[in-house]
Structures are given as structure tokens and as C-alpha cells.
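I have placed the structure first, in the form of C-alpha cells, so that the comments after it can refer back to it.
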Amino acid sequence: VESNGNILCGTDYQGGTNFVVESRDGKAFKKKIVPDPYRRSPIDNMVRRKSKRGDEVWANLPFSTGDTKCLLMYTADSGKSWNRVIEYNRATHTVWLISSSKENEDQLYFALEDSATHGRIIYKVNDL
């Protein structure tokens, strides 16, 4: 995801340590370790959203084991800090970022599914 002149991407070392990787020029890269209890979850999707405060980048970490958790998170400061939206266990729930656009949209959609009932709720995130 490109945001504010910064490129952010996530790694997919499923079962290993994962990182949020940042670059300004596509040549030099800085990586930040995803902390426990999410460290072993790959970052499978990132989406940019335009809010009233500026760009947000949302990321989903959808894999968990007995000792780890899944996480839907976002940053409003180009990856310097991240905010938890939903912490979940893959054995009971699944979350998908379902927004996709070439444009920087002001709304974002994600789905939350109950693994036992397969009931699914779609959430819309936007500024009121």
C-alpha cells in the first residue's frame, strides 16, 4: 500500500516471525517485527482509506495457532503506530478486508464470520 509517500507491505512467513516493511524509494527497506501474540500471523491484505484526519492503512493478520491471535489493525501515521480494531481466534472467527479500489476511498468494508454458524456480518467504516 502506498500512503503519504511511503510504501507499506507485510510479510507471509506463516509459522515464522512476520514484519511490516516500509520504504520511501523501493530500494531501502525498514522492517518492524509484528509483536506477540500476532507475530506468527502473515499479513495477507492491506487497504488504504481516506479519513477526515488523513490516510489510514488497514491490515489483516488472519492466522492463529494455540499460542497466537489474529488481528485487524490500522495506522493513521504511515506505520509508526498501529491500532487494534478486532483481535480474534481463527478457530472461532474469520475476518476479511473486502474493500478494493485503485482510488483512495473514504469508506472501507470488512467481513466477520462465525466459524461455527457461518453467519457473516459486513461492517462499513467511514467518517460521519
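Since we're looking at a predicted model, the values are computed, not measured. Computation of the quantities below employed the complete heavy-atom set of this structure, encompassing side-chain atoms and omitting hydrogens, waters and symmetry-equivalent molecules.
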Are side-chain N/O atoms of [X] and [Y] paired as donor and acceptor at under 3.5 Å?
{"X": "Thr17", "Y": "Arg39", "result": "yes"}
{"X": "Glu113", "Y": "His118", "result": "yes"}
{"X": "Ser78", "Y": "Asn6", "result": "no"}

Under a 4.5 Å cut-off applied to non-hydrogen side-chain atoms, are [X] and [Y] in contact?
{"X": "Asn60", "Y": "Leu97", "answer": "yes"}
{"X": "Pro62", "Y": "Ser41", "answer": "yes"}
{"X": "Lys124", "Y": "Gln107", "answer": "yes"}
{"X": "Asp114", "Y": "Thr92", "answer": "no"}
{"X": "Val34", "Y": "Ile43", "answer": "yes"}

Which pair of non-hydrogen atoms, one from [X] and one from [Y], has the smallest distance, and what is that distance?
{"X": "Asn18", "Y": "Pro42", "answer": "ND2-N, 3.6 Å"}
{"X": "Leu8", "Y": "Met46", "answer": "O-SD, 3.7 Å"}
{"X": "Ser115", "Y": "Thr94", "answer": "OG-OG1, 4.0 Å"}

**Report entry** Option from Val20, Asp55, Val57, Val1 for which side chain to side chain contact (heavy atoms under 4.5 Å, CB included) with Thr75 holds
**Finding:**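 When Val20, Asp55, Val57, Val1 are each tested with Thr75, the side chain to side chain contact (heavy atoms under 4.5 Å, CB included) holds only for Val57.
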
Give a yes or no on whether [X] atom [atom1] has more than 12 heavy-atom contacts from other residues, nucleotides or ligands under 6.0 Å away.
{"X": "Phe29", "atom1": "CZ", "answer": "yes"}
{"X": "Ile33", "atom1": "CD1", "answer": "no"}
{"X": "Lys30", "atom1": "NZ", "answer": "no"}
{"X": "Asp127", "atom1": "CG", "answer": "yes"}

Is a side-chain donor or acceptor of [X] paired with a backbone partner of [Y] at a separation under 3.5 angstrom?
{"X": "Lys32", "Y": "Gly79", "answer": "yes"}
{"X": "Ser99", "Y": "Tyr109", "answer": "yes"}
{"X": "Arg120", "Y": "Ala111", "answer": "no"}
{"X": "Ser64", "Y": "Arg90", "answer": "yes"}
{"X": "Thr11", "Y": "Phe19", "answer": "yes"}
{"X": "Arg24", "Y": "Gly5", "answer": "yes"}

Point-to-point distance, once rounded to the nearest 0.5 Å, from [atom1] of [X] to [atom2] of [Y]:
{"X": "Arg40", "Y": "Leu61", "atom1": "CZ", "atom2": "CG", "answer": "13.5 Å"}
{"X": "Ser51", "Y": "Asp106", "atom1": "OG", "atom2": "CG", "answer": "9.5 Å"}
{"X": "Leu112", "Y": "His93", "atom1": "CG", "atom2": "NE2", "answer": "5.5 Å"}

Single-linkage hydrophobic cluster, 4.5 Å side-chain cutoff, [X] and [Y] together:
{"X": "Phe63", "Y": "Ile86", "value": "no"}
{"X": "Leu71", "Y": "Ile121", "value": "no"}
{"X": "Val85", "Y": "Val125", "value": "yes"}
{"X": "Leu108", "Y": "Val95", "value": "yes"}

Report task. Check the angle between the aromatic planes of Phe110 and Tyr123 and answer parallel, tilted or perpendicular using the 30° and 60° thresholds. Result ->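 Correct class here is parallel.
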
Query raised in the report: For Arg49 and Glu56, what are the C-alpha separation, side-chain angles and deciding distance, and is it a side-chain contact (heavy atoms from CB on, under 4.5 Å)?
Result: CA-CA 5 Å; Arg49 183 182 91 85; Glu56 296 173 349; 2.8 Å; yes

Query raised in the report: Can you name the one residue among Trp96, Trp82, Tyr74 that meets ring-ring contact (aromatic ring centres under 6.0 Å, His included) with Trp58?
Result: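 Of the listed residues Trp96, Trp82, Tyr74, the ring-ring contact (aromatic ring centres under 6.0 Å, His included) partner of Trp58 is Tyr74.
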
Query raised in the report: For Glu87, which residues count as a side chain to side chain donor-acceptor pair (under 3.5 Å) partner, sequence neighbours excluded?
Result: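 Partners of Glu87 by the side chain to side chain donor-acceptor pair (under 3.5 Å) criterion, ordered by chain and then number, come out as Tyr38, Lys69.
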
